[in-house]
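Heads up, the thing below is written out as C-alpha cells.
In each ligand, atom 1 is the first atom listed, and ligand 1 is the first ligand listed.
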Amino acid sequence: MNKITVSAPGKLMLFGEHAVVYGRPCIVTAVGQRMKVTVELSNDPFFELKAPDVSVEGYKKQMIDLSIGEIPKGAKFVEIAMYNFYNCYKSYTKNTGIRITTKSQFSSQFGFGSSSASTVCVIKALSELMGVKLTNMEIFKLAYKTVLDIQGVASGFDVAAATFGGTLYYVIGGKILKPLNLPSLPLIVGYSGIKADTVTLVNFVKEKAKKYPKVIDDIYTSIEDLVNLAKKALLKGDFQTVGELMNFNQGYLSSLGVSNDKLEAMIYAARNAGAYGAKLSGAGGGDCMIALAPTKSKKAVEQAINKASLPLRGKAGGQHIDIKTNVEGVRIEKYGK
Ligand code: MEV
C-alpha cells in the first residue's frame with residue numbers, strides 16, 4: 001500500500017474551557033464536519049503539501065529538512081506531526097518522500113480544531129502506511145506532543161475529540177478520558193465571524209491570574225463543580241439543567257474576560273428565543289457560541305442567532321452552522337487511489 005485517506009472530526013467544547021488548562025475537567029464533543037487527509041509515498045525524497053483551505057499550495061522541501069527553517073502557518077501541524085512520527089518510529093519509516101493533501105469540511109476560522117484534526121490524521125495515516133499500527137492512545141499522545149511543540153500551551157481536548165470521537169469527559173494530557181454514552185445533542189452553533197487566537201487568550205487569563213490568583217482559582221473550582229454536574233445531567237438527558245449550567249459557565253467565562261459583546265448578543269438572543277442555555281465555546285474572543293434548545297425552538301433560536309443585535313451598534317448577528325454531535329473519531333476512509 002502506498003496511499004491512504006483518513007479523516008477526523010472537528011470539536012466543540014461544551015463545558016470547562018480555560019479551567020481545563022489548569023487541571024480541571026472539561027466536556028467536549030466531536031462534530032460531524034471532518035478533516036480529510038490523503039498521504040502518499042513517493043520515490044523522490046521530498047515532503048510535499050497541498051492544503052488549499054489554509055492557503056498552502058505546492059509547499060515542498062527535502063525530507064531531511066523536516067522541521068528546519070521557516071514553516072508557513074498552514075503547514076506547521078502537518079510537518080511537525082510528520083517529524084515527530086519519523087523520530088519516534090525510525091525503524092519503521094521507509095526511505096521515500098511523502099505527498100500530503102488536506103481537505104476540510106469546515107472553515108479553519110470556526111475554531112473547530114482543524115489543526116488538531118489534521119495532526120491526528122497525519123499520524124494515523126503514517127502509522128498505517130508504515131505498518132506501525134498505533135492504538136488510538138498512542139496516536140493521541142504523539143498528536144498532543146505535536147500541538148504542545150508548536151503552541152507551548154494546550155490541554156489537548158481537541159486532539160482527544162479528533163482521535164476518540166464521541167463526547168468525552170476530559171482532563172489535561174488525557175489523564176482522564178471518559179467517553180459519555182449520549183445520543184446526539186440538540187445543539188445549535190453560531191459563528192461570530194471573528195477569528196480567535198487561543199494562545200493569546202490563554203495568556204491573557206494567565207496574566208489575570210497573576211494579579212488575582214485566589215479569585216481566578218475559585219472561578220476554576222466553580223467551573224469544575226458545574227462540569228461535574230453537567231456530566232450527570234447530560235447522562236440523564238436533563239437538558240433543562242444542562243442549559244442552566246451552560247449559563248453559569250458563560251458567567252464565569254465573562255468574568256475571566258474572554259467573552260465579548262458580539263458573543264454576548266448572540267448568547268442572549270438564543271436564550272430569549274427559547275434555548276435552555278447558551279455560552280461561548282472554546283477560547284472566547286470570537287469563534288463560536290453554542291445553545292441547547294428544545295426541538296420546538298430550534299428554528300427560532302437559529303434565526304435569533306443570525307439576527308442578534310447590539311443596542312448601540314446595530315446588527316451583531318452570527319451565522320448558524322448545522323452540526324451533528326458525538327460522532328466517530330479518526331478513521332480510515334480509503335486505501336489507494
Ligand atoms: C480553547 O479552545 C480551549 C482552551 O481551554 C485551551 C485548551 O484547552 O487548550 C482555552
Report the C-alpha distance between Asp287 and Phe110 in whole Å, list the side-chain angles of each, state the deciding distance to 0.1 Å, and finish with yes or no for side chain to side chain contact (heavy atoms under 4.5 Å, CB included).
-> CA-CA 5 Å; Asp287 287 351; Phe110 289 170; over 6 Å; no
Distance-only criterion, 3.5 Å: show the donor-acceptor pairs between side-chain atoms of residues 150-158 and protein atoms not counting sequence neighbours.
residue : atom : partner : partner atom : Å
Gln151  : NE2  : Val153  : O            : 3.1
Ser155  : OG   : Phe157  : N            : 3.3
Asp158  : OD2  : Ser116  : OG           : 3.1

Phe239 and Tyr276 aromatic ring geometry - parallel, tilted or perpendicular at 30°/60° bounds | tilted
Could Lys231 and Tyr169 be counted as a cation-pi pair, given that NZ or CZ must be under 6.0 Å from the ring centre and within 45° of the axis?
-> yes
Could you list each N/O atom of ligand 1 together with any protein N/O atom closer than 3.5 Å, one pair per line with the distance?
residue  : atom  : partner : partner atom : Å
ligand 1 : 5 (O) : His18   : N            : 2.9
ligand 1 : 8 (O) : Ser155  : OG           : 2.6
ligand 1 : 9 (O) : Ser155  : N            : 2.8
ligand 1 : 9 (O) : Ser155  : OG           : 3.4

Of Asn326, Leu14, Ile27, the residue whose pairing with Leu180 passes side-chain contact (heavy atoms from CB on, under 4.5 Å) = Ile27
Lys61 and Tyr59 side chains, donor-acceptor separation under 3.5 Å | yes
